[in-house]
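As the structure is a computational prediction, the values presented were derived from the model and not from experiment. In what follows, every chain begins at residue 1, and chains take the letters A, B, ... in the order their sequences are listed.
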Protein chains: 2
Amino acid sequence: MVDDEPDILEFLRYNLIKEGYNVLTAGNGEEGLKIAMAELPNLIILDIMMPKMDGVEVCRQLRNKPEFDRTVITFLTAREEDYSQIAALDVGGDDYITKPIRPRVFLSRVKALLRRSERAEVIEEPDVIEVSGLIIDKERVTVTKDEEVIELAKKEFELLHLLVSKPGKVFSREEIFNKVWGTDVIVGNRTIDVHIRKLREKIGEHYIKTIKGIGYKFEF
Amino acid sequence: MVDDEPDILEFLRYNLIKEGYNVLTAGNGEEGLKIAMAELPNLIILDIMMPKMDGVEVCRQLRNKPEFDRTVITFLTAREEDYSQIAALDVGGDDYITKPIRPRVFLSRVKALLRRSERAEVIEEPDVIEVSGLIIDKERVTVTKDEEVIELAKKEFELLHLLVSKPGKVFSREEIFNKVWGTDVIVGNRTIDVHIRKLREKIGEHYIKTIKGIGYKFEF
DNA sequence: CCGATGAGTTAACATATTCTTAATGTCGCG
DNA sequence: CGCGACATTAAGAATATGTTAACTCATCGG
């Protein structure tokens, strides 16, 4: 929770702790950013009006980091500032809470926001995927087949992982380039084939199917 | 969007449609429930104060259904009703918007809520079309008939997909050329026939009907 | 600092499937 | 009977992909 007014900070902190929440506070934007990055909280509450770096800016910077892509961020704002409300949401905030703050409403809101964050977390993909006898372990970057561990190179693994992320779906070459190589890299068009070749060599021929003129898909 | 005041409903509907959203409205809780179940919207906006079934009750009922487990639900509420706000969030609502409503803030809020729902909707629905026993899956580029998966070549699939996109409609040869081959390619006029032939061979003879002098159509 | 190693890429050529064409056959209708 | 419109077939052209080997580049242990 980031706010430049110590009274408000203390007041809300007290209420949250009473409800059993773990609360970290910061008195300004920079400090807030630092603590957020170090602690990766489940919910971030930002005051909009702050000297130097305001809440909107903190939010913008956080949203640029992949680790905060899904963190729930909410703002505190004086009631009538339409503009900051809009900016807050446009910059990737999930909600805003208007001052003056009433403890019970505030707590309900926090509860709702955290429930949402939980829900979002359930969707999170697991690090291990299992399809048709292959166990793909994202953390170890390995594939296990018939009890045997197959080591894949990074690109090979990323390619396989993409295909396996939606078994049966046909991924076009363009799609594969964008997701595995990124939009800014340009590589020749035989490159994918070669990687497909090596993959098939390692995991077996029949898993990856070519759909001529369209792309590749993982078959189960 | 469910509200018992036609004026508000119309006002918000107008604003949402102007932004390109697809809006369904209902004047009371029951109707809202019915429409929600039939249409499975991405976002549900409920007025809290309504005669008979209020918004909180609608929300509670929706949240009990698995298909609405992750749908984003928000409430409309008069400013000072602390209690309903708390109830709204406790019953599984994701947010509430206070009246009086300001269009720009409202739209920003809706935008933020829908963005969230997108984030959650990684489990997106596949685009499959089902007609007379054929299941055409665009993502997988396959056709399934009697549990059997039929593989089509690219052009064959595109041709079938076009015909199936409007079952019963007669597509002229010219139309087929334009949509499947594109306006810049020139191919002989027996080409379509050949592809139709192969399609019929693969999916069965009776699905595609020739309308002499006009074109082809998909029969259901 | 050096050579070994291996991932990633490229180029050249081989292969395979899809697409198109062209020749010929069928059908219905005036 | 002859014509127009579509059907059928097989063969060749057009493309897309497969395959191999060589090259570049970064990394790592000695």
Interatomic distance, A:Ile196 CD1 vs D:dG18 P [rounded to whole Å]
7 Å
Mark yes or no for whether B:Lys138, through its side chain, and B:Val128, through its backbone, hold a donor-acceptor pair below 3.5 Å.
no
Between C:dC19, D:dC6, D:dG18, spot the one nearest the side chain of B:Arg190, thanks.
D:dC6
Starting from C1' on D:dT17, measure out to CG on A:Leu199 and report it in whole angstrom.
16 Å
Which part of the nucleic acid, if any, lies within contact of B:Lys212, taking any heavy atom under 4.0 Å across all strands shown: a base, the sugar-phosphate backbone alone, or nothing?
base
Looking at C:dA11, D:dT9, C:dT20, which one has an atom nearest to any side-chain atom of B:His195?
C:dT20
Among D:dC6, C:dG8, D:dT17, the one nearest any side-chain atom of A:Ala153 is C:dG8
I'd like to know whether A:Glu39 forms a salt bridge (Lys or Arg N to Asp or Glu O under 4.0 Å) with A:Lys34, so could you lay out the CA-CA distance, the side-chain angles of the two residues, the decisive distance to 0.1 Å, and finally the verdict.
CA-CA 9 Å; A:Glu39 302 290 337; A:Lys34 216 161 25 178; over 6 Å; no
Measure the distance from CZ on B:Arg197 to C1' on C:dT20 and round it to the nearest whole Å.
17 Å
From CD of A:Glu205 over to P of D:dT17, roughly how many Å is that when rounded to an integer?
17 Å
Nearest whole angstrom, please: distance from the P of D:dC6 to the CD1 of B:Ile176.
11 Å
Need one value for B:Thr191: base, sugar-phosphate or nothing, where a base atom within 4.0 Å counts as base even if backbone is also close, heavy atoms only.
base
Could A:Lys169 and A:Glu175 be called an ion pair, given the rule that one side-chain N must be under 4.0 Å from one carboxylate O?
yes
Look at A:Arg173 and D:dT17 and indicate whether a side-chain polar atom (N or O) is within less than 4.0 Å of OP1 or OP2.
yes
What is the distance, to the nearest angstrom, from the CD1 atom on B:Ile192 to the C1' atom on C:dA22?
17 Å
Taking any heavy-atom pair under 4.0 Å as a contact, classify B:Tyr216: base, sugar-phosphate, or nothing.
sugar-phosphate
Would A:Val143 and A:Leu152 count as a side chain to side chain contact (heavy atoms under 4.5 Å, CB included) here? Give the steps.
CA-CA 7 Å; A:Val143 176; A:Leu152 297 182; 3.4 Å; yes
Atom CD of A:Glu201 and atom P of D:dT20 are separated, to the nearest Å, by 8 Å
Heavy-atom check, side chain of A:Met53 versus side chain of A:Asn28, under 4.5 Å
no
Closer than 4.0 Å, any side-chain N/O of A:Thr210 to the OP1 or OP2 of D:dG18?
yes
Please report the distance, rounded to the nearest Å, between CD1 in A:Ile186 and P in C:dG8.
19 Å
Under 4.0 Å between any heavy atoms, over every strand shown, what does A:Lys198 touch: base, sugar-phosphate, or nothing? Just pick one.
base
Closest-nucleotide ordering on DNA chain D, the 5'-leading residue of A:Asn189 and A:Val194
A:Asn189
Presence of A:Trp181 side-chain N/O under 4.0 Å of C:dT9 phosphate oxygens OP1/OP2
yes
